[in-house]
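For ligands, and for the atoms within them, numbers begin at 1 and follow the listed sequence. Computed from a predicted structure; not experimentally measured.
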Amino acid sequence: MKDKDSLLQNAGINTRLTHVGNDPLDYHGFVNPPVVHASTVLFPNAKTMEKRSQKYTYGTRGTPTTDALCEAINELEGAAGTILVPSGLAAVTVPLLGFLASGDHALIVDSVYQPTRHFCDTMLTRLGVEVEYYDPAIGVGIEQLFKPNTKLVHLEAPGSNTFEMQDVPAIAAIAHKHGAIVALDNTWATPVYFRPLDFGVDISMHAATKYPSGHSDILMGTVSANAKHWEQLKEANGALGICGAPDDAYQILRGLRTMGIRLERHYESALDIAKWLAGREDVAKVLHPALPSFPSHELWKRDFKGASGIFSFVLAADSPEKFKPKAHAFLDALQIFGLGYSWGGFESLAVHVNLNDRRICKAPTEGPVIRLQIGLEDVADIKADIERGLAAANEV
Ligand SMILES: *Cc1c(COP(=O)(O)O)cnc(C)c1O
């Protein structure tokens, strides 16, 4: 096992995605780990039970199935430990609950996933945490926002729906200087394209619902910590009793095996379509961090190994009254794209983005923002579908 571990550490990403997480010889050679359904775990005698001196003690504390996935994520993220939770949103809320207390000040990026903002503005605020939003473009300027009680900085790079990049290492260094914890929602990039812990982040969270699942049918979140923060994260998870289910863990592990090659296709198709949209007159701008014209492109180029399949564009509209009718005309004309939330599955999806909750990075003024998840379909067919949408929007 040790030989395999060190071999995998130096191997390419697809080799690692293929082999991380479990050793088939532990299960009579079967390639995938068994799905262990468990609450009770039996002990051989009273002394072992009293000391809990065996690997598995109770279903909420992990099973061979959940461990296989946690080990895979640890290896991919370079983490000391990983917890599984039942959704991507819980992957954000559990560490915020685990590391913040009444009287603390938390800095949250303004381009954050909307339900994260909702949690911060309701439950976190009610529990006595002072929440302050900051500009994703702030960089080293974040130092001015630190207070003696600043305990945590939450990042999302790129941001939800508008895709602003952040200077992760610069923000992490300043946060650490002030004794604050650095958390980052890494759902967009996955550990294939960005490894937050290598850039100074302490806690990396994922909606495994997206690319790791890959098929729009599983909800799961993962939270990974470095050595300094792992014990407290594990304690928070145990105290809350929020754990991932074995069937879902099995499916996510299964999804990881093909995630690298799926992402290559999402990356290539989405960038091709983003470039094509950027050259059109009926498109005011394209929000994709891998486009050289995108304002924070240099940060993406410096720190990320690739881009996933989701980005937004702004439909050109000559007056604000036309934003919604144009967006609806575009969406209603689509035949291949589905209209639906979430992303990371095999199929293309489109949504008219609402940015009314933004305090600092306000919605673009040129027109409505449409978010596209580019699926695994053929690019020519996806473009033809987008052309149908644009033709309908142009009629408005
Ligand atoms: C989708 C998403 C989540 C939440 O994942 P769910 O499994 O749908 O709860 C969290 N963060 C980001 C950035 C997301 O895009």
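- Looking only at side-chain heavy atoms (C-beta outward), Y193 and Y267 come within less than 4.5 Å of each other.
- Other residues sharing a hydrophobic cluster with F30 under the 4.5 Å side-chain heavy-atom criterion for ILVMFWY residues do not exist; the residue is a singleton.
- Note: F304 and F194 have parallel aromatic rings, judged against thresholds of 30 and 60 degrees for the angle between ring planes.
- A salt bridge links R265 with D378: the closest approach of a Lys/Arg side-chain nitrogen to an acidic carboxylate oxygen falls below 4.0 angstrom.
- Between Y211 and H266, the ring centre distance stays below 6.0 Å.
- At a 4.0 Å heavy-atom cut-off, the residues surrounding ligand 1 are S87, G88, L89, Y113, E156, S160, D185, T187, A207, T209, K210, L219, W343, listed by chain and number.
- R359 has no carboxylate O lying under 4.0 Å from a charged side-chain N of D110, or vice versa, which leaves the two without a salt bridge.
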